Amino acid sequence: MREQALQLLQWYDRHARSMPWRVPPEDRKNGVMPDPYGVWLSEVMLQQTTVAAVRDYWRKFTDIWPTVADLAAAEDAEVMAAWAGLGYYARARNLLKCARVVVTDHGGQFPRDHATLLTLPGIGPYTAAAVAAIAFDQPETVLDGNVERVMSRIHDVHTPLPAAKPELMALAQALTPVERPGDYAQAVMDLGATICTPKSPACGICPWRDPCRARMAGTAAELPQKTPKKKVPTRRGIAYVTRRADGAWLLETRPEKGLLGGMLGWPGSDWGDAPVADPPLDADWYRLDATARHTFTHFHLELTIMTARVPADAVADRGDFIPHGTFRPAALPTVMRKVYDLASGQLIID
Ligand code: SF4
């Protein structure tokens, strides 16, 4: 084995972090391997949050659903409820889909190789490499944010991310050993998480301090370089929240094309630099002091909120009055829900 990989593995043998889904290096050397289901579950959860937060979620999931077959047989709603707090429900839906495909197409056994793992729902190149390496000791290279940082430093790479990814991947691959690749993958991650940290790398106790070029050049704290994020513009708009005397709310379905296409929302102006007033009906409009703020991928939105109470026989130029009993604020897209949360207190009907 190459000297550099060996140095890191020797460090890992002494300092491996303890994690409920991990088999410690001394046990792995005796042939104990982790449950691929547990490894996969931890990797999907770790895409969302930190190791500290994942521990409890991982324990909860494996208590309720100890095997991939148990998870595959679970009710969707139960899994969504257990996932609450971990963010992006799309990941939880893919988690469930993946468990079901493993059961139906792979006899309940996770595939061992990177290419087949990649065909499973919700598994991208990173997760496929992590599961193949950690659960099956395949010599796959795992490149997450921690590993990118470590690679950019030991090789003193100044190309900014994300353009540097292929270069960092090639450098990481060149270091990956064929012996103990699962421990090695976890060792590089641990090194990035505990020693080669973003702000103040502890070079003095690092197992790679001798070969590390950034340490020699004094550039470690500047790496990895990142392409500056483009400044996100701010657009402004007006949202009109109207409530009829019988409790109904005036909402409209947004046009199919465009942002929030086909979703329910408050009638409003266009979103731009200087929105033009465009109320959906004549009323005595009241402007709220609070503004609803939301960030989309390419812009920030600030919505001025106008509210009005109107008689039970009021007719709107656009949109439909939805009876209070059937109106579900939770079904609104987030920005429209924010408007509702700010406006509803002004429009309570006795
Ligand atoms: S020597 Fe310092 S910069 Fe280099 S890998 Fe170790 S902790 Fe990171």
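All values derive from a computational prediction rather than experimental measurement. Worth knowing before you read on, the calculation uses all heavy atoms, side chains too, and leaves out hydrogens, waters and symmetry mates. For ligands, and for the atoms within them, numbers begin at 1 and follow the listed sequence.
Close approach to A220 involves these atoms of ligand 1, each under 4.0 Å from a residue heavy atom: 3 (S). Every atom of ligand 1 is numbered from 1 in the order shown, and the set under 4.0 Å from a heavy atom of C206 is 1 (S), 5 (S), 6 (Fe), 7 (S). Under a 4.0 Å criterion applied to the non-hydrogen atoms of C212, ligand 1 contributes the atoms 1 (S), 3 (S), 4 (Fe), 5 (S). If you number the atoms of ligand 1 from 1 as listed, the ones under 4.0 Å from a heavy atom of R153 come out as 3 (S). Residue contact check: R209 has heavy atoms under 4.0 Å from atoms 1 (S) of ligand 1.
Side-chain contact check for T127 and Q47: at least one donor-acceptor pair (N or O, by modelled atom type) lies under 3.5 Å. At a cut-off of 3.5 Å, with distance as the only test, a side-chain donor of Y126 or E43 sits close to an acceptor on the other residue.
Seen from the ring of W208, R213 does not count as a face-on cation partner, given the 6.0 Å and 45° thresholds.
The shell of residues lying under 4.0 angstrom from ligand 1, judged by heavy atoms, includes I154.
Heavy-atom contacts from other residues, nucleotides or ligands closer than 6.0 Å to CD of E167 number more than 12.
For atom 2 (Fe) of ligand 1, the nearest non-hydrogen atom of the protein is C203 SG, 2.4 Å.
Under 2.8 Å from atom 6 (Fe) of ligand 1 lies no N/O/S atom of C196, from backbone or side chain alike.
No salt bridge links R100 with D105; every basic N to acidic carboxylate O contact stays at or beyond 4.0 Å. Classification of D341 and R337 as a salt-bridged pair holds, one side-chain N sitting under 4.0 Å from a carboxylate O.
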